[in-house]
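Residue numbering restarts at 1 for every chain, and letters A, B, ... go by the order of the sequence lines.
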Amino acid sequence: MDLPAIYDPSLTEEKWYTYWMEHRFFHSVPDDRPKYSMVIPPPNVTGVLHMGHMLNNTIQDVLVRRARMMGKNTCWVPGTDHASIATEAKVVALLKEQGIEKSDLSREEFLEHAWAWKEKHGNIILEQLKKLGASCDWDRTKFTMDPDLSRSVIESFVYLYNEGLIYRGIRMVNWDPEGQTAVSDEEVIHKEVNEKLYYLKYFISQNGTRSTEYVTIATTRPETIMADVAVCVHPQDERYAHLVGQKVLIPLIDKEIPIIADDYVAMDFGTGCLKITPAHDANDYEIGLRHQLPVVDILNDDGTLNEEAKILVGVDRFEARRTIRTLLEEAGCFEKEEAYVTQVGFSERTDAVIEPRLSLQWFVKLSVLAQKALAYVDEGKVHLIPGKFTNTYRHWMETARDWCISRQLWWGQQIPAWTLPNGDIVVASDVQEALKQAREKDPLLQEKDLVQDPDVVDTWFSSWLWPISVFDPDKPGHPGKESNRELAYYYPTDDLVTAPDILFFWVARMIMAGDLFCGQKPFTNVYLTGMVRDKQGRKMSKSLGNSPDPIELMDKYGADGVRMGLMLCTSAGNDILFDESQVEQGRNFCNKIWNAFRLVQSWERDPDREQEDTAAAAVRWMSQLLAATKEEMEDLLSKYRLSEALMLLYKRFWDDFCSWYLEIIKPPAGVKSLDATTYDKTLAFFDVFMHLLHPFMPFITEELWQNLAERRPGESIMVSPVPETGTYVQSAITDFERLQELVAHIRGMRQSKQIPGKTLLDLLIKGSFPESLQGVAKRMAGLNTVSSVSQTPEEGQMYAFLIGTTEFYIPLGNLLDVEEERTKLLVEKEYFQKFLFSVEKKLNNASFVQRAPEHVVAMERKKQADALAKIKALEEQLALL
RNA sequence: GGGAGUUUAGCUCAGCUGGUUUAGAGCACCUGCCUUACAAGCAGGGGGUCGGAAGUUCGAAUCUCCCAACUCCCACCA
């Protein structure tokens, strides 16, 4: 077989993915084997693949493929998230381009557009994941708004409502007066703005009329004073203590409001005197609740002032701000204004200034759920990797506030609550059930009398069920129901790979849902990836244009190359600074593997040839090294140190297998065959390497594994267990390391003295050196003879060096520069003398010898002895010159 | 403002409960090589005193405290 010198991924990747799909290797059904299961963090249907997905899904695929090769019944469930806010925004924007306003459409019409959009674009990202090699069970692909998953959401809502865990309450939302909708906190962008801080006089009321005394209040929003319901000072503030309990008059409208005390107020800010406007400020609302103050809302949906304002009715809030300043001055209530820089929230979509606004929302009570979710992690039932996130997790769980789950959107699961004509609410899984309940209150009610809450639930209220509902959509909402076979087998899942920024939004809530509906954790290990940033550490974003297109990247470097590049520099929880050179390294490694294979497959197996000693030694070493490598890999992977495991393989394959092993066994020029033993072993080693590498680089390893031997149709490395590698003795490996050091030293000497490789040298060894490796040394260092001596050779013109405490000599004749040698040996001697000095300093320290553990002292004594021996040897060598 | 994390070679990072010669790896860099698997390669080489200061200890990159810089999360002082 004639293979090109450059590996071309485009010839293999698609071919093998198709092959894997055809043979259904990714598909899983429950059976008697131990299982390994994982659910994908469902990407948004609006999304296209970005570098974050690439990293995240590569990690998942590595874990999944490894589990599969270990014989587990492996199930990786893929799917997408309906992402209500993001998707709805996208669809609204798209319709706008076509000249259609959302407000012109009925809910049903809008949803039709949304579904059409989803059908068209929703699977892009999953298709892209296939190119990466993701071995998901595509037959199980789910969408969070699939009918059965939506039913899950509705039933769980009903259950939680009946359990008293869901309630309706008033809450401040971020109101976008331009879009006339509430937006989530995530959609509010805070910007620094130059504003003014206005100082206003609120006169103390004497039976409803102004007294001469007043308090000064600093505010950035004078247009909201008509909505004030109190003035608040700090309880310890002596300046105002005498006024607490009295009343002041709101300027311009002369409405009487009380002066109250609350330690929320900062005494050192502004005047230490705060106006309380519960309808238009979240903190004020909280204070209002504490003091049972009324709420006065003076704003319309579009940001103009309403009747409640009494003045400036119908005027826009910013216009009102300008106008009211003049009015206040005229009324003698304006003291001064100061320039002030403050953070203002803007709508991500319309860029309008967000108005905090009160509205009726649905909430999930979190206190008990959060406590339980914390226990899962604290008790070690769920492991966060890396562990440092446990602190963050705890902090969140301990301060969790109730979860607002209603969203003023259409795309999502509509809240299953119906309002009756009398204002009562019924919550039920469908309208028939709701009507049944309603009729218990009023038998005359008809379906048309019930009005369903128009809001939908938060996306996380569906994705928190994900690890359950993908297996058994009937379970959420019915915790008592027996799990179906799927859930019983696959749940709890094993690993979850996700980003730390959704630890609270998603991970914690899945743990809550798992406990609520299954009485069990949803997963055992949570591997938290870092964020992919660019070389300069900036977030990758479309606007910066610093995010490479993953598809182009894979076209250029191959999926294996990209996977390798990403995996090489990722450690759990740490951001990765992405640079194309990493991917280049991955591609180069693919090429290296490819060429190693080319070399191996160019050889023929010769059953008549005797195995040479050098080859035998190399085989012995490589089989031990592989056994050790496999063990080390298992250890690293069990600790989720994926990049270290890959780096280990990289070095073992490139440095040890290619640069040493293959070079040692390589037949001489002109010979194309290997003895049968070495040949078989070499193929076996290659086989082991392909297996160990496969989870990281699935395509090239499959390609080469398929060509390594005759394979039957339907065979694949992905379902083939890693071959046994036997046991190993560490000393055999360290012996070989000494050989490598020796060879490198001689090669270096050759280079510095410009002795060509063809010139064979003689080597004398004084001291210990494994005899079985002498042949290898000859071959790799270009030696004619290797002999042992018991005495330092007498003759001069010897090139001398030390490895450990073993002395080596090479007669160089007139090639040896005596002065240069002398300098080299003196430098070395000085080094060891300094070293000896530092060791002896320790040993002469009585308290060290007394207090340090015995083995540490013994170690120092050995260092001392070694250093003395080396110095002695160096002195002898010097004398020789 | 609160909380967490990071700071080790030019870059990216290991270094686990303090002691295995005077701190490791990959990439990059330098030198010499197109040696019949691979120049996406081969061989060799240089480079850091572990952010700063103090302390504990026989011994500190590793533990404690302080300081500095950066990152993230939460709350955002009218």
Side-chain angles (χ1 to χ4, degrees), chain A residues 3 5-7 190 197-198 217-221 232 264-266 268-277 281-284 340 342-343 345 386 388-392 394-396 399 500-501 503-504 530-531 533 535 537 557 561 568-571 573-579 581-582 584-602 639 641 643-644 647-648 650-651 658-659 662-663 666 669-670 744-745 747-752 754 757-758 831-832 834-836 838-839 842 845-853 855-857 859-860 862-864 866-867:
Chain A
L3 298 172
I6 303 277
Y7 171 62
H190 290 271
L197 196 54
Y198 303 88
I217 281 151
T219 179
T220 52
R221 304 200 56 193
C232 188
Y264 168 78
V265 180
D268 54 357
F269 187 87
T271 58
C273 201
L274 174 67
K275 74 189 197 68
I276 303 299
T277 320
D281 183 286
N283 291 314
D284 289 8
Y340 184 64
T342 185
Q343 298 268 327
K388 67 179 179 188
F389 284 106
T390 309
N391 286 338
T392 318
R394 176 174 302 113
H395 182 244
W396 275 337
T399 56
D501 53 340
L503 189 57
F504 180 67
M531 201 186 285
R533 296 170 176 279
K535 219 174 156 180
Y557 296 100
L568 216 40
C569 55
T570 180
S571 58
N574 288 340
D575 286 355
I576 90 168
L577 300 190
F578 180 80
D579 182 30
S581 70
Q582 291 150 0
E584 209 171 303
Q585 194 184 350
R587 178 204 55 185
N588 293 355
F589 187 48
C590 287
N591 203 233
K592 186 69 185 180
I593 300 172
W594 178 256
N595 275 289
F597 179 76
R598 279 178 72 212
L599 177 65
V600 170
Q601 65 92 46
S602 74
K639 294 171 182 153
R641 295 169 168 244
S643 65
E644 284 173 64
M647 179 55 76
L648 176 72
Y650 175 81
K651 287 191 285 189
C658 292
S659 299
L662 290 180
E663 291 300 331
K666 205 185 232 177
H745 192 104
R747 283 172 176 170
M749 185 270 287
R750 275 180 188 276
Q751 191 169 355
S752 70
Q754 298 184 310
K758 282 170 217 145
Y831 171 88
F832 284 118
K834 269 192 190 161
F835 175 68
L836 179 66
S838 78
V839 172
K842 271 193 204 174
N845 180 338
S847 62
F848 170 74
V849 180
Q850 252 171 40
R851 305 170 83 149
H855 73 274
V856 174
V857 178
M859 185 65 65
E860 291 303 312
K862 173 150 194 324
K863 286 186 204 168
Q864 182 188 34
D866 283 357

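- In terms of phosphate contacts, A/N591 brings no side-chain nitrogen or oxygen within less than 4.0 Å of OP1 or OP2 of B/G41.
- Of the candidate nucleotides B/G41, B/G19, B/U20, B/G19 has the atom lying nearest to any side-chain atom of A/V856.
- Counting to the nearest Å, the C1' atom of B/C72 and the CG atom of A/L503 are 12 Å from each other.
- A/Y831 is linked by a side chain to side chain contact (heavy atoms under 4.5 Å, CB included) to nothing, counting only residues two or more places apart in sequence or in another chain.
- B/G10 sits 13 Å from B/G51 when the P atoms are compared, rounded to a whole Å.
- When heavy atoms are screened at a 4.0 angstrom cut-off, A/K834 is found touching base atoms of the nucleic acid.
- Here, B/A9 and B/A61 have their C1' atoms 14 Å apart, quoted to the whole Å.
- In this structure A/D281 satisfies the salt bridge (Lys or Arg N to Asp or Glu O under 4.0 Å) test with no other residue, sequence neighbours excluded.
- Rounded to whole Å, atom C1' of B/C77 lies 12 Å from atom CD1 of A/I276.
- Take A/E663 and apply the side-chain hydrogen bond (donor to acceptor under 3.5 Å, both in side chains) test, not counting sequence neighbours, and it matches A/K666.
- Residue A/V265 places its side chain closer to B/A78 than to any other of B/C27, B/A78, B/C38.
- For A/Q754 (side chain) and A/Q751 (main-chain N/O), no donor-acceptor pair under 3.5 Å exists by modelled atom type.
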Restricting both atoms to N or O, compile the protein contacts to nucleotides 43-47 of chain B shorter than 3.5 Å, with distance only.
unit_1: B/A43; atom_1: O3'; unit_2: A/R747; atom_2: NH1; d: 3.4
unit_1: B/G44; atom_1: O4'; unit_2: A/Q751; atom_2: OE1; d: 3.3

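- Here A/W396 does not pack flat against the base of B/C74, since the 5.5 angstrom centre distance and 30 degree tilt limits are not both met.
- Closest approach to the A/L274 side chain among B/A78, B/A25, B/U22 is made by B/A78 (side chain taken as heavy atoms from C-beta onward).
- As a whole-Å value, the separation of A/N391 CG from B/C74 P is 17 Å.
- Taking only side-chain nitrogens and oxygens, A/K388 never comes nearer than 4.0 Å to OP1 or OP2 of B/U71.
- The C1' atoms of B/C34 and B/C70 are separated by 46 Å, rounded to the nearest whole Å.
- Residue A/H395 has its side chain nearest to B/G3 when only B/A37, B/G3, B/U22 are considered.
- In this structure, the CH2 atom of A/W594 is 19 Å from the C1' atom of B/A39, given to the nearest Å.
- A close approach under 4.0 Å does occur between a side-chain nitrogen or oxygen of A/K666 and OP1 or OP2 of B/A37.
- Among B/A25, B/C77, B/A78, the nucleotide with an atom closest to any side-chain atom of A/N283 is B/C77.
- Residues meeting the salt bridge (Lys or Arg N to Asp or Glu O under 4.0 Å) test with A/K388, sequence neighbours left out: none.
- Legend: residues meeting salt bridge (Lys or Arg N to Asp or Glu O under 4.0 Å) with A/E860, ordered by chain and number and at least two apart, are A/K842, A/K863.
- One interatomic measurement links the two molecules: NZ of A/K639 to P of B/U17, which rounds to 11 Å at whole-angstrom precision.
- Between A/Y650 atom OH and B/G41 atom P the separation is 8 Å, expressed in whole Å.
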Please write out each protein N/O paired with an N/O of nucleotides 9-12 of chain B under 3.5 Å, distance rounded to 0.1 Å.
none

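- Scored by the side-chain hydrogen bond (donor to acceptor under 3.5 Å, both in side chains) test, A/Q585 finds A/Y650 as partners (sequence neighbours excluded).
- If you check every strand for non-hydrogen atoms under 4.0 Å, A/I6 touches a base.
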Indicate every side-chain donor-acceptor pair of residues 587-594 of chain A with a distance under 3.5 Å to a residue at least two apart or in another chain.
unit_1: A/W594; atom_1: NE1; unit_2: A/P4; atom_2: O; d: 2.7

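- Regarding A/K863, its NZ atom lies at a distance of 4 Å from the P atom of B/U22, rounded to whole Å.
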Give RNA chain B the dot-bracket treatment, 5' to 3': Watson-Crick (N1-N3 with N6-O4 or O6-N4) or G-U (N1-O2, O6-N3) under 3.5 Å, [ ] crossing, | other strand. (((((((..((((.....[....)))).(((((.......))))).....((.((..]....)).)))))))))....
Classify every nucleotide of nucleotides 57-62 of chain B by which part a protein heavy atom approaches to under 4.0 Å, writing B for the base, S for the sugar-phosphate alone and - for neither, in 5'-to-3' order. -B----
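- A/R394 pairs by the salt bridge (Lys or Arg N to Asp or Glu O under 4.0 Å) definition with A/D378, not counting sequence neighbours.
- No contact: A/C232 has no heavy atom under 4.0 Å from any strand.
- Remark: the separation of the C1' atoms in B/G59 and B/U20 is 14 Å, to the nearest Å.
- A 4.5 Å side-chain heavy-atom check between A/P500 and A/F389 finds at least one atom pair inside the cut-off.
- Relative to the side chain of A/N588, the nucleotides B/A14, B/G5, B/G41 differ in distance, and B/G41 lies closest.
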